[in-house]
Amino acid sequence: VHRKLTAVWVLAAGGIFAIAVVSWVGMAQTVSTRLATLVDHDRPEARLPHWRDTLRAAGDYWLLGSGFGTYRHVYGAYQQHDDRTLHEHAENQPLEALVTGGIPGLALLFAAVVLAAVSAIRLLSFEASKPSHAFALMGIFALSSQCIHGLFDFGLYIPSKLLLFSLLMGAVSGRAALLGAQRRAPRAVALPRFKKLPVTPLVVIALLFGVLFGRMETSRAAAVEAVTMAPERAKDPRRMSAPKVKAATQQLAAAVKKRPDDADAHLRLAELYILLFRLRAVEVIQREQEAQGVEIGPKEIWPYTSTAQLHSQAHRLKEDPAQLDVLRSRILLQNDLPRALEHLIESRNASPLLVRAYVRLAELCFLIDDPEVDTVHLSCARRLAAGDAGLLFHLGVLHLSAGRKGLALANWQDCLRLTDDFDERILQTAMNSGQVSPEELIEEVLPASPKRLARLAGTKQFRAGSPEHQIGRASCRERV
């Protein structure tokens, strides 16, 4: 009893000491914020809603899994809450193992934990030297801490942690096996004779080959990251120079040739080509306007060079094939968007789960096909990002610009069901389009929330003096 009480007091003192150290180094707020993600459902990175959606994905991939490393591509199709964070991992290793590896992957994970625990406990039970007991305690601590941590994070998916943990548990298991063999009585078993094989050299060669292959893949992936880092982190892409973006595009194109099956690299290269097109288009339009004596800055021109604007213009011209061909020919002169389209197709072929690739394909498919083909890509994007409110808003805009009002309202309705961040943007876009009446917007899109409807009734969109705005304001108040 005395020993048990001593152990309890030691554990309690250790916990108090850990809390004191966290507060002393100034990380108390960081830790409390991190722990709040477990219970606060209003946070974008809340874990419980994330795990519920992950279980929905596990229902479809329970047999063999989606494939290791594919969680970030698979999860979006099952997301049911507003979370615009890109989840690389499930923040729960058993759940992620179930989704990506299925029942076999989860079974292997549990088998590894159980076998490592058995080895550590056996090593602790042996009456051996103090180093053996030290090995056992080290193994128990490492295994228990990683098991607890693995329920709330993805520590062992970090290569450095995985390597260290593997070395520790390998040492514990090897020590336990060695001592166990010494304690057992020798057994004589008659085995058939085989020709002696050079097993050790073959294993070493295989390991070296794996290391070299991994080193090559890592260096190629690092080259892709290094090229795309600057454009992706730019706070204002409008301020980037076309020559620098062109140089980055050429470097990334050379890196992609070494990784032809890298879907993310193809998508990033396509985005760079689109950025290069927009920067060049701004320069061309600005020169044309200056030649006509009109002073206009890049900031005013930039919105009109987006692929969404080109998509809208193509649908306005789809009834006039001659004018649509003129638009295509002007775009094809620069050759940036056709190259972007090629790499978008390559990205989709390499991985059919990248949402952004489908959105870009929908915006640019008019270059080589009927503009109405965009519905195929938009439906795929909708299926793969059910819980992305920002994407749902954008899909609604694209459908509305293509004249598909019903699909636009349906996407906006799903968007507003997730969050109220897009209330005013949807209201403004719908009222400015001239295609949606205030009654349709209020009855079919806006949620039946008195608080949100009352707030929208007082917005500047409904305070405008046009009869449509007055009707909308009256209908909004009547519904409240």
Side-chain angles (χ1 to χ4, degrees), residues 45 47 50-51 53-79 83 85-113 146 149-166 206-207 209-229 232 252 255-256 258-270 343 346-358 380 383-385 387-388:
E45 66 276 16
R47 279 169 166 72
H50 184 186
W51 293 340
D53 295 340
T54 302
L55 285 174
R56 297 179 66 250
D60 287 341
Y61 295 104
W62 64 271
L63 183 57
L64 295 176
S66 62
F68 294 112
T70 61
Y71 180 83
R72 64 193 181 99
H73 299 307
V74 171
Y75 169 73
Y78 300 90
Q79 184 177 318
D83 187 355
T85 304
L86 176 60
H87 291 281
E88 298 277 353
H89 299 282
E91 311 290 343
N92 184 299
Q93 290 179 191
L95 275 179
E96 184 167 350
L98 180 59
V99 173
T100 59
I103 294 295
L106 185 62
L108 289 173
L109 176 64
F110 281 133
V113 171
Q146 288 305 312
H149 191 243
L151 294 176
F152 307 100
D153 217 324
F154 54 93
L156 291 184
Y157 285 97
I158 300 174
S160 58
K161 288 187 177 181
L162 177 60
L163 180 60
L164 178 59
F165 181 72
S166 300
L207 291 175
F209 177 79
V211 170
L212 290 175
F213 179 77
R215 176 69 179 85
M216 291 172 58
E217 286 294 303
T218 303
S219 62
R220 291 170 181 173
V224 173
E225 292 289 337
V227 174
T228 57
M229 189 176 296
E232 288 181 354
L252 183 56
V256 167
K258 299 178 181 179
R259 291 175 60 88
D261 59 344
D262 190 334
D264 286 307
H266 281 289
L267 179 57
R268 291 177 176 183
L269 182 55
H343 287 284
E346 291 291 337
S347 175
R348 182 202 57 190
N349 293 340
S351 174
L353 299 175
L354 293 180
V355 178
R356 191 65 182 169
Y358 284 109
C380 291
R383 172 67 179 85
L384 293 172
D388 190 336

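Values below: all heavy atoms of this structure, side chains included; hydrogens, waters and symmetry mates excluded.
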query = Distance-only, no hydrogens or angles: does the E346 side chain make a donor-acceptor pair with backbone N or O of H266 under 3.5 Å?
reply = no
ask   = Do side-chain atoms of W51 reach the backbone of L95 as a donor and acceptor pair under 3.5 angstrom?
value = no
ask   = Can we say D264 and R72 salt-bridge, meaning some charged N sits less than 4.0 Å from an Asp/Glu carboxylate O?
value = yes
Salt bridge (Lys or Arg N to Asp or Glu O under 4.0 Å) between R220 and E225, worked out = CA-CA 9 Å; R220 291 170 181 173; E225 292 289 337; over 6 Å; no
inquiry  = What I'd like to find out is whether the side chain of Y157 reaches to under 4.5 Å of the side chain of F68, using heavy atoms alone.
reply    = no
inquiry  = Would you say that Y358 contacts L354 through its side chain, given a criterion of any heavy-atom pair below 4.5 Å between the two side chains?
reply    = no
note = Nearest heavy-atom approach of A263 to S351 is CB-CB, 3.5 Å
message = Within this structure, what is the CG-CG distance for the pair D261 and N349, rounded to the nearest 0.5 Å?
response = 12.0 Å
inquiry  = Nearest 0.5 angstrom please: E96 CD to L156 CG, how far?
reply    = 11.0 Å
task = State, to 0.1 Å, how close V256 and A265 come at their nearest heavy-atom pair, and which atoms those are.
result = CG2-CB, 3.8 Å
query = Between R47 and F152, which heavy-atom pair has the shortest distance, and what is it?
reply = NE-O, 3.0 Å
inquiry  = Nearest 0.5 angstrom please: Y78 OH to L55 CG, how far?
reply    = 12.5 Å
key: Q93 side chain to G150 backbone, donor-acceptor under 3.5 Å   = no
Heavy-atom pair with the smallest gap, counting every atom of P94 and L106 = O-CD1, 3.5 Å
message = Distance check, rounded to the nearest 0.5 Å: D388 atom CG versus R356 atom CZ?
response = 10.0 Å
inquiry  = For the residue pair T100 / Y61, report whether a side-chain donor-acceptor contact shorter than 3.5 Å exists.
reply    = no
task = Would you please name every residue forming a ring-ring contact (aromatic ring centres under 6.0 Å, His included) with H73, sequence neighbours left out?
result = none
remark   = For L109 and A97, the nearest pair of non-hydrogen atoms, with its separation, is CD2-CB, 4.0 Å
query = How about R268 and H343: do any of their side-chain heavy atoms sit closer than 4.5 Å?
reply = no
ask   = Between H89 and F154, how do the two ring planes meet: parallel, tilted or perpendicular, split at 30° and 60°?
value = parallel
key: side-chain contact (heavy atoms from CB on, under 4.5 Å), paired with L98, selected from N92, T54, I103   = I103
key: Heavy-atom side-chain contact between L384 and L353 under 4.5 Å   = yes
query = Hey, what do you get for OH (Y71) to CD (E91), rounding to the nearest 0.5 Å?
reply = 8.5 Å
